[in-house]
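Okay, so here's the structure we're looking at.
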Amino acid sequence: MEYIKELLVNISLRDVIDVLVVAYVFYKLYKLIEETRAEQLLKGIVVLLIFTKISEVLHLYTINFIFGKTIEVGLIALLIVFQPELRKGLERMGRTRFLGKSFVEIQKEEQRRVIDEIVEAIGALSRQNIGALIVLKQKTGLNDVIDTGTHIDGKISSGLLINIFIPNTPLHDGAVVIEEDEIKAAGCLLPLTDNKDLNKDLGTRHRAAIGITEDTDCVVLVVSEETGAISYVENAKIERYLDLDTLRNYLKQLYNYEEQDRLNLITKWRSRNEA
């Protein structure tokens, strides 16, 4: 215990930064080889290093010698065998402009990409009168909803969203749940609203969208199968017949601004349409 206390006292800010930088570099290197042949090989190398250390501690000199030489020769072999992967990885690093951008800039770029993909998908579905129900998670957890569908955990793309809602496919009747930049699940079941005062024109999708926003702080996008009309639901309030520019502005407010700013935008939209 005393040793640990002394160690903590002697840790400086420079040491913490040093560890964080090394950890980040290793993380980025792992992401480069993730789900490639090199990933499995890397796991094998880690196991080999562990056994090498164990043989050293147990004074198994012959085994330790063999493992040591294997690692020495193996590192050279790796450069030859995995030359294509290394080249691709270095090319990807060369194309990345991360060092020239702040974390906020990168985050905003990803937000813009997510918004563009969602709007593109909604526009395509609307033009073809294909019904859709997209739930955008906010602070309230939606695991109980996600568990009713099929887990996807895939990066958001307009193509994936469109394909999910194509009629007569297994997942087209349920809702898609999106969390940050990921499609968490599809084919999810949402609770229907009990509100009896709603417009009779609203179908099951719209009532499900209102129902889930009565219990959580999520935002739901709906495309009508009958008319192709686009709706936006938040706090059990539905805004119908949106154009793509208005939808894009809503999503920009959702991803980048406080709730009050978004509500102000909704109020302006209502006033313009009631005038």
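Residues: numbered from 1 along the sequence shown. Note that the structure is predicted; figures quoted are calculated from it, not measured.
- Across I152 and A186, no two heavy atoms sit closer than the pair CD1-CB, 3.5 Å.
- Here the shortest heavy-atom pairing between L142 and C218 reads CD1-CB, 4.3 Å.
- Of all the heavy atoms in F165 and I130, the pair that sits closest is O-CG2, 3.1 Å.
- Follow the hydrophobic side-chain contacts under 4.5 Å out from V135 and you reach L202 in the same cluster.
- When I118, V114, V177, V220 are each tested for a side-chain contact (heavy atoms from CB on, under 4.5 Å) with L136, only one passes: I118.
- Between atom CG of residue L125 and atom CG of residue L161 there is a gap of 8.0 Å, rounded to the nearest 0.5 Å.
- In this view, E182 and K184 satisfy the salt bridge (Lys or Arg N to Asp or Glu O under 4.0 Å) rule, not counting sequence neighbours.
- Closest approach of C188 to T148, counting heavy atoms only: CA-OG1, 3.6 Å.
- Applying the side-chain hydrogen bond (donor to acceptor under 3.5 Å, both in side chains) test to every pair with at least one member in residues 188-202, sequence neighbours left out, gives these pairs: T193-E214.
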Using residues 60-68 as the side-chain source, report each donor-acceptor pair under 3.5 Å to any protein atom, sequence neighbours left out, with the distance given to one decimal.
residue: Y61; atom: OH; partner: H59; partner atom: ND1; Å: 3.3
residue: N64; atom: ND2; partner: T52; partner atom: O; Å: 3.0
residue: N64; atom: ND2; partner: S55; partner atom: OG; Å: 3.1

Task: I230/L244 under side chain to side chain contact (heavy atoms under 4.5 Å, CB included): CA gap, chis, key distance, verdict - done: CA-CA 8 Å; I230 302 168; L244 293 181; 3.6 Å; yes

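- Side-chain contact between R248 and V119 is present, with at least one heavy-atom pair separated by less than 4.5 Å.
- With sequence neighbours excluded, the residues satisfying salt bridge (Lys or Arg N to Asp or Glu O under 4.0 Å) with E225 are R205.
- A distance of 9.0 Å separates CD1 of I156 from CD1 of I134, quoted to the nearest 0.5 Å.
- Inspection of the N249 and T246 side chains reveals no N or O donor paired with an N or O acceptor under 3.5 Å.
- Inter-residue side-chain proximity for Y232 and V219 is flagged as met; some heavy-atom pair is nearer than 4.5 Å.
- Atom CG of residue L190 and atom OG1 of residue T204 lie 11.5 Å apart, to the nearest 0.5 angstrom.
- Separation of atoms NZ (K137) and CG (N143) is listed at 8.0 Å; rounding is to 0.5 Å.
- Residues L242 and Y250 are in side-chain contact: their nearest non-hydrogen atoms beyond the backbone lie under 4.5 Å apart.
- Taking hydrophobic clusters as Ile, Leu, Val, Met, Phe, Trp and Tyr residues chained together by side-chain heavy-atom distances below 4.5 Å, L171 shares a cluster with V176.
- Within the model, atoms CG of L254 and CG of L221 stand 8.5 Å from one another, a figure rounded to the nearest 0.5 Å.
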- [ ] Show your reasoning for whether side chain to side chain contact (heavy atoms under 4.5 Å, CB included) applies to H172 and I164.
- [x] CA-CA 6 Å; H172 84 283; I164 287 173; over 6 Å; no

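- Between H206 and S231 there is a side-chain heavy-atom pair separated by less than 4.5 Å.
- With sequence neighbours excluded, no residue forms a salt bridge (Lys or Arg N to Asp or Glu O under 4.0 Å) with R207.
- For the 3.5 Å distance criterion, the side chains of E117 and S157 fail to qualify, holding no donor opposite an acceptor.
- Of all heavy-atom pairs spanning G141 and D144, the tightest one is O-OD1, 4.3 Å.
- When the side-chain hydrogen bond (donor to acceptor under 3.5 Å, both in side chains) test is applied to T169, no partner is found at least two apart in sequence or on another chain.
- The nearest pair of heavy atoms linking K155 to L160 is O-CD2, 3.9 Å.
- Linking Ile, Leu, Val, Met, Phe, Trp and Tyr residues whenever their side-chain heavy atoms come within less than 4.5 Å leaves L192 and I212 in two separate clusters.
- Proximity of a side-chain donor or acceptor of S126 to a complementary backbone N or O of A229 within less than 3.5 Å is not detected.
- Note: I122 CD1 to I162 CD1 = 9.5 Å, rounded to the nearest 0.5 Å.
- Under the 3.5 Å distance criterion, the side-chain polar atoms of T213 are left unmatched by any main-chain donor or acceptor of E234.
- Linking ILVMFWY side-chain heavy atoms closer than 4.5 Å, directly or via other members, places L49 and V47 in a single hydrophobic cluster.
- Under a 3.5 Å cut-off, the side chain of N235 and the backbone N or O of K237 do not form any donor-acceptor pair.
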